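Reviewing the structure listed below.
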Amino acid sequence: MANDPGLPIEDFMATVPQNTRLIGLDLGTKTIGLALSDLGRGIASPMETIRRKKFTLDAERLLQICAEQGVGGFVLGLPLNMDGSEGPRAQATRAFARNLSQKTDLPITYWDERLSTAAVTRTLLEADSSRAKRAEAVDKMAAAFILQGFLDRLGFMGRD
């Protein structure tokens with residue numbers, strides 16, 4: 001897609017500075033779930049959930065977190081349809097990435113997030129988490145699920 005700042009994994013990793021963390025985003029219509037990698041880029045941890053307001057305010061908060069945490073790149077969950085096609089939610093994610101890329105030079109890539117929220121919700125149900133606690137945790141845990149999938153792929157790439 002024209003002007004899409006999302007890079008293929010190899011190009012993304014070639015532009016991410018050494019000794020920086022990656023931040024994973026689960027973009028919802030009302031919230032943005034955040035997860036942060038460790039410096040070794042092996043483990044993703046749920047971080048926080050940003051309540052969406054206006055894009056400018058959301059981006060300011062996100063970039064503040066990136067500066068505080070030494071983030072070198074964004075991994076955005078891309079909500080593809082089950083058949084792999086892109087619908088309105090994937091288009092909204094790409095639009096968010098385009099807008100974000102105008103506010104930062106940090107590289108951006110996408111990770112297929114199909115079933116991430118369902119997997120996290122199932123895990124929380126199995127842990128007998130209350131509905132209120134599930135709602136509070138699901139977005140940042142979905143972001144961690146997305147980022148962990150990406151990090152696991154990086155690990156496999158290193159073994160190729």
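Please read all numbers here as calculations on a predicted model, not as lab measurements. Numbers for residues simply follow the sequence, beginning at 1.
- Residues L151 and S37 come closest through the heavy atom pair CD1-CB, 3.9 Å.
- In this structure, the side chains of D152 and Q148 come closer than 4.5 Å at one or more pairs of heavy atoms.
- A search for side chain to side chain donor-acceptor pair (under 3.5 Å) contacts involving Q69 returns nothing, not counting sequence neighbours.
- In terms of heavy atoms, G28 sits closest to R52 at O-NH1, 2.6 Å.
- When the side chain to side chain donor-acceptor pair (under 3.5 Å) test is applied to N81, the partners found at least two apart in sequence or on another chain are S85.
- A search for side chain to side chain contact (heavy atoms under 4.5 Å, CB included) contacts involving P107 returns L7, F12, T15, V16, not counting sequence neighbours.
- Listed by chain and residue number, nothing satisfies the salt bridge (Lys or Arg N to Asp or Glu O under 4.0 Å) test with E60 (two or more places apart in sequence, or in another chain).
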Sequence neighbours left out, cut at 3.5 Å: what donor-acceptor pairs do the side chains of residues 38-45 make with other protein atoms?
{"residue": "D38", "atom": "OD1", "partner": "R41", "partner atom": "N", "Å": "3.1"}
{"residue": "D38", "atom": "OD1", "partner": "G42", "partner atom": "N", "Å": "2.8"}
{"residue": "D38", "atom": "OD1", "partner": "I43", "partner atom": "N", "Å": "2.9"}
{"residue": "R41", "atom": "NE", "partner": "T20", "partner atom": "O", "Å": "3.0"}
{"residue": "R41", "atom": "NH2", "partner": "P17", "partner atom": "O", "Å": "2.7"}
{"residue": "R41", "atom": "NH2", "partner": "T20", "partner atom": "O", "Å": "3.1"}
{"residue": "R41", "atom": "NH2", "partner": "T20", "partner atom": "OG1", "Å": "2.9"}

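- A search for salt bridge (Lys or Arg N to Asp or Glu O under 4.0 Å) contacts involving D11 returns nothing, not counting sequence neighbours.
- Cluster partners of L63 are I23, L25, L27, I32, L34, L36, M47, I50, F55, L62, I65, V71, F74, L76, L78, L80, F96, L100, L106, I108, Y110, counting Ile, Leu, Val, Met, Phe, Trp and Tyr whose side-chain heavy atoms approach within less than 4.5 Å, directly or via other members.
- Residues passing the salt bridge (Lys or Arg N to Asp or Glu O under 4.0 Å) test with R21, sequence neighbours excluded: none.
- Within 6.0 Å of atom CG in D105, 12 or fewer heavy atoms from other residues, nucleotides or ligands are found, so the atom counts as exposed in its surroundings.
- Counting heavy atoms from C-beta outward, L154 and I9 have side chains that approach closer than 4.5 Å.
- The closest side-chain heavy-atom distance from T104 to C66 is not below 4.5 Å.
- Every side chain to side chain contact (heavy atoms under 4.5 Å, CB included) that K53 has, sequence neighbours left out, goes to L57, D58.
- With sequence neighbours excluded, the residues that form a side chain to side chain donor-acceptor pair (under 3.5 Å) with T31 are D139.
- Annotation: ring-ring contact (aromatic ring centres under 6.0 Å, His included) contacts involving residues 16-39, sequence neighbours excluded, are absent.
- In this structure Q102 satisfies the side chain to side chain contact (heavy atoms under 4.5 Å, CB included) test with no other residue, sequence neighbours excluded.
- A pairwise comparison of heavy atoms in P79 and T93 identifies CD-OG1, 3.4 Å as the closest pair.
- Between the side chains of Q64 and R61, at least one donor N or O lies within less than 3.5 Å of an accepting N or O.
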